[in-house]
Protein chains: 2
Amino acid sequence: MEYSTNVVSKRERDCLVSLVEGSTKGFPLRLYQIASFLRVKPPTALNVVRRLEQKGLAQSKDGMTLLTELGDRTAKRILLVHRTYESLLCQSGVSEKSACSDAANVDFIIPEEEARLILKKIGNPRLCPHGKPIRDGEDK
Amino acid sequence: MEYSTNVVSKRERDCLVSLVEGSTKGFPLRLYQIASFLRVKPPTALNVVRRLEQKGLAQSKDGMTLLTELGDRTAKRILLVHRTYESLLCQSGVSEKSACSDAANVDFIIPEEEARLILKKIGNPRLCPHGKPIRDGEDK
DNA sequence: CCATGCATTAGTATCACACTAACGATATTA
DNA sequence: TAATATCGTTAGTGTGATACTAATGCATGG
């Protein structure tokens with residue numbers, strides 16, 4: 001019955017993923033882009049970004065937001081878990097679409113080490129159902 | 001990037017599980033017992049119970065709290081997911097203890113149908129690592 | 001120089017979660 | 001019976017995440 005202090009909330013998770021997926025080649029995102037990703041008004045998005053900054057996961061300059069080193073690692077970790085869980089679901093017979101949205105609800109909660117063990121158990125697929133690499137290398 | 005309106009929060013989940021596991025043979029729980037399960041002060045526990053009541057998941061009388069039919073079904077659903085995920089983790093090489101506490105962080109988020117599919121994929125075990133039945137019948 | 005676009009601030013609201021302090025009722029016990 | 005202990009409940013606060021509107025500020029391109 002313990003309470004685990006999550007590193008990031010769902011919203012913060014979404015924001016991190018937006019930043020890592022949206023900012024191709026290191027280009028930072030504008031606030032209105034983040035707000036659009038999150039389907040939220042700019043002041044709300046700013047709030048989320050501020051929280052990420054306080055946690056050392058993002059940094060903003062002149063309205064441009066970029067992940068920090070830590071934020072990048074965190075986002076990559078989330079994506080690893082996401083794609084692992086997604087693969088598990090698809091292998092189990094869940095549709096690709098459901099798998100993706102449902103994975104997004106847990107990928108920031110499940111510890112990385114567990115995801116790696118699950119990944120091994122399901123046969124170490126290299127690609128997630130969307131065809132994106134699960135491990136290390138490039139995303140997108 | 002949608003936001004899923006969770007039926008229950010983590011706290012409410014813990015409370016539901018306490019009620020279904022603590023109240024053997026239909027005996028209701030006292031508030032101080034719930035508070036003790038949740039490691040929280042009585043007023044806080046009362047607050048959680050009130051929310052469960054508002055959602056139609058529990059009902060109190062003379063300080064005794066009991067699950068409603070809906071609450072019972074909800075709690076059983078959570079336990080099914082819990083034991084399924086727990087089994088998956090243990091099969092993957094996670095320790096029993098970690099598996100249990102980590103499963104508690106996602107068992108109220110993962111949809112039942114997905115858990116059933118996962119259960120099938122991992123070989124339809126009848127018992128969770130703790131030896132409790134995963135499907136239907138009796139808990140405890 | 002002005003309008004448009006965007007970031008930011010200020011102010012507000014809700015919900016979950018948590019606490020302390022105080023009060024009330026009941027039960028046990030001296 | 002009176003005193004004490006136990007427990008539920010209320011009242012009052014506080015925090016953090018999430019969300020909004022309205023207003024302000026700043027820059028850039030007409």
Side-chain angles (χ1 to χ4, degrees), chain A residues 1-19 22-23 27-66 71 74 78 104-109, chain B residues 1-19 22-23 27-66 71 74 78 104-109:
Chain A
M1 265 353 123
E2 288 93 26
Y3 233 57
S4 74
T5 317
N6 266 334
V7 185
V8 291
S9 68
K10 172 76 160 88
R11 250 313 169 231
E12 288 160 6
R13 175 262 178 217
D14 288 345
C15 192
L16 280 178
V17 171
S18 297
L19 283 167
S23 61
F27 270 91
L29 285 191
R30 310 294 322 236
L31 186 64
Y32 75 89
Q33 295 178 296
I34 297 174
S36 158
F37 268 123
L38 301 181
R39 303 193 192 189
V40 131
K41 304 295 172 196
T44 301
L46 183 60
N47 217 307
V48 180
V49 169
R50 291 268 161 84
R51 287 204 304 277
L52 290 182
E53 286 176 346
Q54 281 188 335
K55 294 179 181 181
L57 300 171
Q59 52 185 3
S60 298
K61 196 165 201 168
D62 308 320
M64 319 287 272
T65 304
L66 208 49
T74 304
I78 289 172
N105 290 323
V106 295
D107 57 15
F108 62 105
I109 299 174
Chain B
M1 265 359 120
E2 289 95 24
Y3 233 57
S4 74
T5 316
N6 266 335
V7 184
V8 291
S9 68
K10 173 75 160 84
R11 251 313 170 230
E12 289 160 5
R13 174 262 178 217
D14 288 345
C15 193
L16 280 178
V17 171
S18 298
L19 283 168
S23 62
F27 270 89
L29 284 191
R30 310 293 323 235
L31 185 65
Y32 74 90
Q33 295 177 299
I34 297 173
S36 158
F37 267 123
L38 302 181
R39 302 192 193 189
V40 131
K41 302 297 173 195
T44 302
L46 183 60
N47 218 306
V48 180
V49 170
R50 291 267 161 83
R51 287 204 305 276
L52 290 182
E53 286 176 346
Q54 281 190 336
K55 293 178 180 180
L57 300 172
Q59 52 186 4
S60 299
K61 197 165 202 169
D62 307 321
M64 320 286 272
T65 304
L66 209 50
T74 305
I78 289 172
N105 290 322
V106 295
D107 58 15
F108 62 105
I109 300 174

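Side-chain atoms are counted along with the backbone in the values below, which use heavy atoms only and exclude waters and symmetry mates. Every chain is numbered from 1 and lettered A, B, ... according to where its sequence line falls, protein lines coming before strand lines.
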Asker: What is the distance, rounded to the nearest whole Å, between atom CG of Asn47(B) and atom P of dC15(C)?
Answerer: 12 Å

Asker: Applying side chain to side chain contact (heavy atoms under 4.5 Å, CB included), name anything that partners Ala104(B), two or more places apart in sequence or on another chain.
Answerer: Lys10(B), Arg13(B), His82(B), Asp107(B)

Asker: Please produce a list of atom pairs where a protein N or O lies less than 3.5 Å from an N or O of nucleotides 4-8 of chain D.
Answerer:
residue : atom : partner  : partner atom : Å
dG8(D)  : OP1  : Leu31(B) : N            : 2.7
dG8(D)  : OP2  : Tyr32(B) : N            : 2.9

Asker: What's the shortest heavy-atom distance between Pro28(B) and Leu66(B), and which atoms?
Answerer: CA-CD1, 3.5 Å

Asker: Report, one pair per line, the protein and nucleotides 27-30 of chain D atoms (nitrogen or oxygen only) whose separation is under 3.5 Å.
Answerer:
none

Asker: Rounding to a whole Å, what distance do you find between Glu12(B):CD and dA18(C):C1'?
Answerer: 14 Å

Asker: Think Arg50(A) has a side-chain N or O under 4.0 angstrom from the OP1 or OP2 of dA7(C)?
Answerer: no

Asker: Mind checking what makes side chain to side chain contact (heavy atoms under 4.5 Å, CB included) contact with Leu46(B), not counting sequence neighbours?
Answerer: Leu31(B), Arg50(B)

Asker: Return the minimal non-hydrogen interatomic distance between Cys15(B) and Val48(B), and the atom names on each side.
Answerer: CB-CG1, 3.7 Å

Asker: Might you list the N or O atoms of the protein lying below 3.5 Å from N or O atoms in nucleotides 20-25 of chain C, with each pair's distance?
Answerer:
none

Asker: Is it the case that the side chain of Lys55(B) and the backbone of Val7(B) share a donor-acceptor pair, with hydrogens and angles ignored and the cut-off at 3.5 Å?
Answerer: yes

Asker: Under the side chain to side chain contact (heavy atoms under 4.5 Å, CB included) criterion, do Leu57(A) and Val8(A) qualify, and how do the steps go?
Answerer: CA-CA 10 Å; Leu57(A) 300 171; Val8(A) 291; 3.7 Å; yes

Asker: What I'd like to find out is whether the side chain of Thr44(A) reaches to under 4.5 Å of the side chain of Leu38(A), using heavy atoms alone.
Answerer: no

Asker: Is there a donor-acceptor pair closer than 3.5 Å between any side-chain N or O of Ser18(A) and the backbone N or O of Asp14(A)?
Answerer: yes

Asker: Could you check how far CE of Met64(A) sits from P of dC26(D), rounded to whole Å?
Answerer: 19 Å

Asker: Consider the side chain of Ser9(B), meaning its heavy atoms from C-beta on, and name the nucleotide among dA16(C), dT10(D), dT9(C) that approaches it most closely.
Answerer: dA16(C)

Asker: Rounded to whole Å, please give me the gap between NZ in Lys61(A) and P in dA7(C).
Answerer: 17 Å

Asker: Answer whether the closest heavy-atom distance between the side chains of Phe108(B) and Leu16(B) falls below 4.5 Å.
Answerer: no

Asker: Sequence neighbours excluded, which residues qualify as side chain to side chain donor-acceptor pair (under 3.5 Å) partners of Glu53(B)?
Answerer: Ser60(B)

Asker: Just verifying a value: how many Å separate Arg11(A) CZ and Asn47(A) CG, rounded to the nearest 0.5 Å?
Answerer: 11.5 Å

Asker: Could you tell me the separation between the CZ atom of Arg39(A) and the P atom of dC20(D), rounded to a whole number of Å?
Answerer: 13 Å

Asker: How long is the line joining CG of Asp14(B) and P of dA16(C), in whole Å?
Answerer: 15 Å

